[in-house]
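Here's the structure we're looking at; comments come further down.
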Amino acid sequence: MTRTLVIAAAQMGPIARDEPRSSAVARMIALMGEAAARGAHLVVFPELALTTFFPRWFMDNQAEIDAYFETHMPSEATQPLFDAARRLGVGFSFGYAEKLMDAEGRTRRFNTSILVGPDGAVLSKYRKIHLPGHWDEEPWRAFQHLEKRYFERGDLGFPVADALGGRVGLCICNDRRWPETFRMLALQRAELVLLGYNTPQHYPPAPEHDHLQDFHNHLVMQAGAYQNGTWVVGVAKAGREEGCDLIGGSCIIAPTGEIVAQCAGLGDELAIAECDLDRCREIQDNIFNFPAHRQPGEYGLLTEITPDS
Ligand code: CDT
């Protein structure tokens, strides 16, 4: 039995600050329809796909911040996306800001991503663990990156689900820069890693690296794919969003580390590839055969909490 999934990386162009959910959802449904027409089984959307990337602004009015969060999924605004997927028979994943009340009555806020099956069922959920940026307003920056202020660290670990005929792992944006993310997923036998990102071209603390943003984006995702023998689908929200340039480069990467499909522009666009999940074995049975070659007994420092860690 073939385990080939046709996957669409559904890059999105900028979302304006005043753009309603209904507009973002309509754009996502249009991309989903085109992907299905081109044979896709799975459509992958960016991080925080329903709104503009709001951590670029300092806000201290909690009601203003909460307007960017979802309290239900699906909601009235996102139900059409779930309906379209069911009608088209495709799975999809996307990121959103999640607000909930926990069992102790505490309000929690996470940067979240979900995987949804073609029947509309949520198959997996991930809450972002590596939150970049800063807590307080830093007026010297051209724009803020206040993920640490608006979200708490994810509490669901690095999930891998049996889904769509394979083992699917989720992570989000900055997670891709950390080798531990991919290794945590691969140790649970992930064959496919889905991630969305919002990555500004300009990095205020080290602007001398601005010209390397696209390179570093592909470098970490290709390394993550190869070193763990998994498919990786990385999907941008791209283009000039409220004056902030976000990189594109959405792509699908084979377990060999090769990019097999890539978006060319910075707007709403698909990159589509046939992904044979059995190709993970090319790497996982050979150069990165974990049982044969890993030396976890030598890696203790990786989980030790020390003043330098
Ligand atoms: N969204 C997100 O995590 N973006 C970061 C930007 C760089 S850190 C300020 C990223 O790692 O791409």
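Along the sequence shown, the residues carry numbers beginning at 1. Whatever order the structure lists ligands and atoms in, that order sets their numbers, starting from 1. Since the model is a prediction, treat every value here as computed from it, not as a measurement. Computed from heavy atoms alone, side chains included, the values below leave out hydrogens, waters and symmetry copies.
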| Would N217 and Y197 satisfy side chain to side chain donor-acceptor pair (under 3.5 Å), going step by step from the backbone distance to the final call? | CA-CA 10 Å; N217 177 41; Y197 56 91; 3.0 Å; yes

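- Within the cation-pi definition used here (under 6.0 Å to the ring centroid, within 45° of the axis), R17 qualifies as a partner of W57.
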| task | Check step by step if side chain to side chain contact (heavy atoms under 4.5 Å, CB included) holds for F182 and D175. | result | CA-CA 9 Å; F182 291 102; D175 288 319; over 6 Å; no

Please output the side-chain donor-acceptor pairs of residues 82-90 that fall under 3.5 Å, not counting sequence neighbours, one pair per line with the distance.
from : atom 1 : to   : atom 2 : distance (Å)
D83  : OD1    : Q79  : NE2    : 2.8
R86  : NE     : D119 : O      : 3.0

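- Below 30°, between 30° and 60°, or above 60°: for Y150 and F54 the angle between ring planes is between 30° and 60°, a tilted geometry.
- Aromatic ring centroids of Y226 and F288 lie under 6.0 Å apart.
- Protein neighbours of ligand 1 below 4.0 Å, counting non-hydrogen atoms: E47, F53, K128, P132, H145, E147, C173, N174, R176, R177, N198, T199, P200, Y203.
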